[in-house]
Novice: 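Would you mind keeping the following structure in view while I ask a few things?
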There are 2 protein chains.
Amino acid sequence: MGLERRQIHVAYAYQRIAEEIESQILEGTLKPGEQLPGETEMAEMFGVTRSTVREGLRRLESEGLVCRPTPRRLVVAIPRIDRLSTRSGRTMALMKVTYRELWQVTLKTEMLAARLAAEMAKDDEIAALKSLHEELTGAEGNARRTIELDGRFHSQVARIGKNRVLGLAREPVAHLLFRGFAQIAPFVPQFYKRQIEAHSNIVGAIEARDPVRAETWARKHIEDFWRGVQIAGLEDEAAVKNVKALS
Amino acid sequence: MGLERRQIHVAYAYQRIAEEIESQILEGTLKPGEQLPGETEMAEMFGVTRSTVREGLRRLESEGLVCRPTPRRLVVAIPRIDRLSTRSGRTMALMKVTYRELWQVTLKTEMLAARLAAEMAKDDEIAALKSLHEELTGAEGNARRTIELDGRFHSQVARIGKNRVLGLAREPVAHLLFRGFAQIAPFVPQFYKRQIEAHSNIVGAIEARDPVRAETWARKHIEDFWRGVQIAGLEDEAAVKNVKALS
DNA sequence: TATGAATTAGTGTCGGACATTCACACACTG
DNA sequence: CAGTGTGTGAATGTCCGACACTAATTCATA
């Protein structure tokens, strides 16, 4: 039986400022796009110094809830997905997650993405996908470029599926996993061709609006990647050595 | 053909400070747990004022790369998963993602979580799961408590699976989706019982180390949830009305 | 009306200041 | 020696005031 540890947390002024503004954004009192008053004005609004306001604003900025298109305009914003991705990616890297962990999740997300894409695809989206695919075909042998284009290909597939939650969830994971291509390719040179072929089939299935086939090929594609991971002996290896190199 | 608009971005001092420290953390020069110099010291290290350093630090703090257990200790940290979750959750709420989007993803994550749990479970983890399940059984009829315990149940299942990436990816999504329970329960009172039954079966399958059955029950469980969503007519409804209420 | 110049106001940064309180070291007690 | 009290110093949180630079706005001009 004991004393519960409860946060006393007599929040500092700069924290309360941040929280206050945050609240108003989340409540909807402040709407995305709306412009906030100047620092000086806020300072006297909240009864603190400008320095204190600024410290609070830095936090909101970093959280993506406000942004400054130019130093003079401070507007309410919706956090950008890619920023969140970066952050998740960094965290996973710092946690030293393994290829196995990444792969298990990616297998599922990419299958889902492919299926949804086949269900939802519109012609222009397919065209965009094809053009990406062709670019990738041309990049055969170039690991760096392949990784870049592969990532964009899969992102595009996901985008076609019109599921923003999936987009949010898969992005950092897939990104980290596919980076591993660089470590695998030297062991399995035929990987380029296999990848291109799998992508072809995925595109084909999406174009044919065949969700099942799309999902199947996505599965094959990602399973194939796992084989590569195994050949390279990376299963339980941390997926990212040098976290810094992520950006 | 034109001049590309490229970010000129003559970074401000406070940004550079943040980036510099960030770099050193990501590179590994600064290791988690390590303590940083005082603000004054940093200020003269970087040749700026303390105010400027502070603004930079606020960003790092908010990113979770450093934390202050007490105002006097500033230590390098690994971003906490729950903080990331909060942020993703907020973003999804602000984006007004639908139940459909959340559900499509959750179906897959929870199936995977259940399967992995059945493969990896250790006895004490199962015990913990059972105890959670009993608590939930006792909460029948209480929506708020049910949501809380249901969330913890699913998180525990995921934790048993020993896949941190899955944990990271599913947490905010599942959290948001399951909150919908409160809107569904009034329409489908028998939901409490169905949920308890499904959880029982999941626990049973995990205990029996039967991945397939675990996955199957997880699927049934989440599919059932979708039926609830449909009955309540929420399919394409934004999953979170009042973002603020996310806590 | 559209273009350019002038004005103004606000940001980024600086330096200094002070109260509070926390970290560390030391003394004290059992 | 372990564990508890005390005291000192230092660092934080907050404040104030100031200035250069630049971007938003206003005004003048064609």
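Per chain, numbering begins at 1; letters A, B, ... match sequence-line order. Values reported hereafter were calculated over all heavy atoms of this structure, with side chains retained and with hydrogens, waters and symmetry mates removed.
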Novice: Report yes if a side-chain nitrogen or oxygen of R54(A) is closer than 4.0 Å to either non-bridging phosphate oxygen (OP1 or OP2) of dG12(C); otherwise report no.
Specialist: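 So the side-chain polar atoms of R54(A) do come within 4.0 Å of the phosphate oxygens OP1 or OP2 of dG12(C), strictly under.
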Novice: Hey, does the side chain of E171(B) reach the backbone of L168(B) with a donor-acceptor pair shorter than 3.5 angstrom?
Specialist: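 Pair absent, no side-chain N/O of E171(B) close to backbone of L168(B).
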Novice: Listed by chain and number, what are the ring pair (Phe, Tyr, Trp, His ring centres under 6.0 Å) partners of F225(A), not counting sequence neighbours?
Specialist: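 Residues passing ring pair (Phe, Tyr, Trp, His ring centres under 6.0 Å) with F225(A): F178(A).
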Novice: Tell me if a side-chain donor or acceptor on E55(A) pairs with a main-chain N or O of T52(A) at a distance below 3.5 Å.
Specialist: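 Checked: no pair found.
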Novice: Go through the structure and list residues passing side chain to side chain contact (heavy atoms under 4.5 Å, CB included) with K31(B), not counting sequence neighbours.
Specialist: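 K31(B) satisfies side chain to side chain contact (heavy atoms under 4.5 Å, CB included) with E34(B) only.
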Novice: Which residues pass the side chain to side chain contact (heavy atoms under 4.5 Å, CB included) test with Q104(B), not counting sequence neighbours?
Specialist: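 Q104(B) satisfies side chain to side chain contact (heavy atoms under 4.5 Å, CB included) with L116(A), N163(A), R100(B) once adjacent residues are dropped.
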Novice: Just how far, in rounded Å, is P of dT14(D) from CD of E55(A)?
Specialist: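 These atoms are roughly 7 Å apart.
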Novice: On DNA chain D, check which nucleotide each of R73(A) and S51(A) is closest to and give me the residue with the more 5' one.
Specialist: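 Result of the comparison: S51(A).
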Novice: Hey, which sits more toward the 5' end of DNA chain D by its nearest nucleotide, T49(A) or L74(B)?
Specialist: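 The residue whose closest nucleotide sits nearer the 5' end is L74(B).
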Novice: Can you tell me how far P of dT12(D) sits from CD of Q15(A), to the nearest Å?
Specialist: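 Whole-Å distance recorded here is 15 Å.
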Novice: Would you mind classifying the nucleic acid contact of T52(B) as base, sugar-phosphate or nothing, using non-hydrogen atoms under 4.0 angstrom?
Specialist: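 T52(B): backbone/sugar contact only, no base atoms under 4.0 Å.
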Novice: Quick one: does NZ or CZ of R59(A) land under 6.0 Å from the six-membered ring centre of Y14(A), within 45 degrees of the ring axis?
Specialist: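 No, R59(A) does not sit over the ring of Y14(A).
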Novice: Could you check which residues of residues 35-48 of chain B get a heavy atom under 4.0 Å from DNA chain C? Sort them by number, please.
Specialist: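 G47(B), V48(B), in order of number.
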Novice: Please report the end-to-end axis angle for the helix from dT1(C)-dA30(D) to dG30(C)-dC1(D), five pairs per end, rounded to 10 degrees.
Specialist: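 The helix from dT1(C)-dA30(D) to dG30(C)-dC1(D) shows an end-to-end axis angle of 30°.
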Novice: Kindly say whether, by distance alone, the side chain of R72(B) makes a donor-acceptor pair under 3.5 Å with the base of dA10(D)?
Specialist: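 Yes, the side chain and the base share a sub-3.5 Å donor-acceptor pair.
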Novice: Relative to the ring of H199(A), is the ring of H154(A) parallel (under 30°), tilted (30 to 60°) or perpendicular (over 60°)?
Specialist: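 Plane angle over 60°, so perpendicular.
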Novice: Minimum heavy-atom separation for G161(B) to M120(B), with atom names?
Specialist: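 Smallest interatomic distance, heavy atoms only, reads O-CG, 3.7 Å.
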Novice: Ignoring hydrogens and geometry beyond distance, is the side chain of R50(A) in donor-acceptor contact with the base of dT14(D) at under 3.5 Å?
Specialist: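 Side chain to base: no pair below 3.5 Å.
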Novice: More than 12 non-hydrogen atoms from neighbouring residues, nucleotides or ligands closer than 6.0 Å to CZ on R80(B), yes or no?
Specialist: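 Not buried by this count: 12 neighbours or fewer within 6.0 Å.
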Novice: Please list, by residue number, the residues of residues 58-70 of chain A whose heavy atoms come closer than 4.0 Å to an atom of DNA chain C; answer none if no residue qualifies.
Specialist: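 Contacting residues: R58(A), R68(A).
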Novice: Whether the side chain of E39(A) engages the backbone of R50(A) through a donor-acceptor N/O pair (distance < 3.5 Å, no angle test) should be reported.
Specialist: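 Side chain of E39(A) to backbone of R50(A), a donor-acceptor pair under 3.5 Å: no, none is there.
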Novice: Main chain of R72(B), side chain of T70(B): is a donor-acceptor contact present, judged purely on distance under 3.5 Å?
Specialist: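 Yes.
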